[in-house]
Structures are given as C-alpha cells and as structure tokens.
Amino acid sequence: MYQTLTFLHSIFRWLVLISLIYAIFRAYKGYRSNSKFSKTDDSVRHWTATIAHIQLVLGIILYSKSPIVSYFWKNFKVAKDTGDLLFFGLIHICLMLISIVMITIGSALAKRKETDKDKFRTILVWFGVGLLIILIAIPWPFSPLANRPYFR
C-alpha cells in the first residue's frame with residue numbers, strides 16, 4: 001500500500017502543478033485584459049482547489065503510513081538533526097498544509113468577490129503564493145534538503 005500511495009502522490013503532484021499554473025495564467029490574462037470572469041474561469045478555480053485537496057488527502061494518508069515519518073517521530077531528538085528526516089517528518093507537511101490553506105482561502109475569496117477584476121486578482125495572489133510554497137516544499141531531484149526523482 002505504501003508503494004501505491006507514494007506513486008499516486010508523486011503523479012498527482014504534476015496535476016496540482018499543472019492546474020495551479022493554468023489557473024494563475026488564466027487569472028493573469030483575465031486581470032491584465034479586464035476580461036469577464038467566465039464559467040470556465042470559475043471551473044478552473046474550483047478544480048484547481050479540488051485537485052489540491054485530493055493531493056492533500058493522499059499526502060496525509062501517506063504521512064501516516066510512512067516509515068520515514070514513523071522513524072522521525074519515534075527518534076525525534078536524533079532525527080531532527082538529519083536533513084532528509086526533518087524534511088519529510090516536519091517541513092514538507094507543514095509547508096504543504098500552508099499552501100493548501102492559501103489555495104483554499106483564495107478559491108473561497110475569489111468565489112465571493114463582486115467584480116471580475118477582483119476575482120482574477122484574488123486567484124492570482126493566493127494561488128501564486130500557494131504555488132511558490134509548493135515549489136519550495138517539493139523534494140525535487142536537485143533540492144539540497146531532500147531529493148526524490150521526478151516520478152516514483
């Protein structure tokens with residue numbers, strides 16, 4: 001089960017990134033051109049948040065099953081000084097939770113804004129900050145904190 005969760009979480013990361021980049025692109029384009037906030041824009045907002053929440057659920061289940069995380073919490077005094085263990089035991093989940101909160105707030109606020117320009121700006125800012133945090137928290141193959149392959 002752990003291997004399956006790791007695979008799904010790894011694959012789903014790309015869906016989250018693609019949907020966020022697409023939503024931010026649409027928001028930027030709409031904001032700059034004073035476009036009408038269309039039904040498609042609203043669907044992109046909604047599905048981007050939904051995909052991020054699915055990834056969060058996968059991540060929380062994976063976190064609860066992970067032998068790395070289990071070792072981290074059982075041996076906290078020693079493990080906190082090991083970069084890889086600290087990253088997966090604490091840093092990754094904290095940053096990802098913050099990013100999902102940012103995306104959720106941005107989606108909820110955008111839905112309630114009165115003007116189209118405000119909707120686009122809200123998505124642009126909140127999803128943009130969420131994306132930035134996610135990019136920092138992903139264990140890229142080149143990351144100095146912890147690295148994993150692009151696909152597992």
Side-chain angles (χ1 to χ4, degrees), residues 1-32 41-113 118-152:
M1 181 172 170
Y2 178 73
Q3 292 293 339
T4 303
L5 285 170
T6 304
F7 173 76
L8 289 173
H9 191 65
S10 176
I11 294 298
F12 230 82
R13 135 181 62 176
W14 298 106
L15 294 175
V16 171
L17 291 173
I18 290 166
S19 67
L20 271 172
I21 290 167
Y22 184 63
I24 291 167
F25 169 76
R26 286 189 68 92
Y28 177 77
K29 188 175 154 192
Y31 181 76
R32 294 283 295 181
D41 293 316
D42 194 48
S43 290
V44 168
R45 174 202 57 80
H46 170 76
W47 282 106
T48 299
T50 301
I51 290 168
H53 286 113
I54 292 169
Q55 177 72 331
L56 174 65
V57 170
L58 288 171
I60 289 172
I61 295 168
L62 183 61
Y63 188 83
S64 70
K65 303 288 182 192
S66 172
I68 295 169
V69 172
S70 178
Y71 179 84
F72 175 78
W73 289 112
K74 287 178 184 169
N75 303 289
F76 182 77
K77 288 185 179 183
V78 175
K80 69 179 172 57
D81 296 327
T82 307
D84 206 46
L85 295 172
L86 179 62
F87 180 80
F88 287 108
L90 201 56
I91 295 170
H92 181 71
I93 193 161
C94 288
L95 289 177
M96 291 303 186
L97 284 170
I98 291 167
S99 69
I100 298 299
V101 167
M102 300 295 281
I103 292 165
T104 303
I105 291 171
S107 178
L109 288 175
K111 184 166 61 169
R112 290 163 178 77
K113 292 292 182 180
D118 284 344
K119 290 178 184 193
F120 285 126
R121 183 177 48 231
T122 302
I123 291 171
L124 190 58
V125 170
W126 288 88
F127 282 24
V129 172
L131 176 61
L132 180 64
I133 295 168
I134 287 171
L135 290 173
I136 292 168
I138 288 177
W140 298 106
F142 52 83
S143 174
L145 294 174
N147 49 51
R148 295 292 184 266
Y150 289 117
F151 295 100
R152 300 239 6 210

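Heads up: numbering here begins at 1 and tracks the sequence.
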Can you tell me how far the [atom1] atom of [X] sits from the [atom2] atom of [Y], to the nearest 0.5 Å?
X    : Y   : atom1 : atom2 : answer
L131 : I24 : CG    : CD1   : 4.5 Å
F120 : K29 : CZ    : NZ    : 9.5 Å
R45  : S19 : CZ    : OG    : 13.0 Å
I136 : H92 : CD1   : NE2   : 13.0 Å
L132 : L95 : CG    : CG    : 10.0 Å
K80  : K77 : NZ    : NZ    : 8.5 Å

A side-chain contact here means heavy atoms from C-beta on lying under 4.5 Å apart; do [X] and [Y] qualify?
X    : Y    : result
T48  : I123 : no
R13  : I138 : yes
H53  : T104 : yes
S99  : M96  : yes
F88  : I93  : no
S107 : F127 : yes

Inset, instruction - Identify, with sequence neighbours excluded, every residue that meets side-chain contact (heavy atoms from CB on, under 4.5 Å) alongside L85. - result: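 For L85, the residues satisfying side-chain contact (heavy atoms from CB on, under 4.5 Å) (neighbours in sequence not counted) are I68, Y71, F72, A79, T82.
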Legend entry - Any residue meeting side-chain contact (heavy atoms from CB on, under 4.5 Å) with V129, in chain and number order, not counting sequence neighbours: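 With neighbours one apart ignored, the set is M102, I133.
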Legend entry - Over 12 foreign heavy atoms within 6.0 Å of CZ, F12: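 It does: F12 CZ has more than 12 such atoms within range.
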Inset, instruction - Check I21, L56, I51 against V16 for a side chain to side chain contact (heavy atoms under 4.5 Å, CB included) and give me the one that passes. - result: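 Exactly one option meets the side chain to side chain contact (heavy atoms under 4.5 Å, CB included) with V16, and it is I51.
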Legend entry - Partner residues of W73 under the ring pair (Phe, Tyr, Trp, His ring centres under 6.0 Å) criterion, sequence neighbours left out: F76
Testing the basics here: between [X] and [Y], what is the closest heavy-atom pair and its distance to 0.1 Å?
X   : Y    : answer
S66 : Y2   : CA-CE1, 3.5 Å
L17 : I134 : CD2-CG2, 4.0 Å
F87 : P139 : CE2-CB, 3.7 Å

Legend entry - Test item: T122 side-chain N/O and D118 main-chain N/O as donor-acceptor pair under 3.5 Å: yes
Legend entry - Expected output: side-chain Y28 to main-chain R121 donor-acceptor under 3.5 Å: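 Absent.
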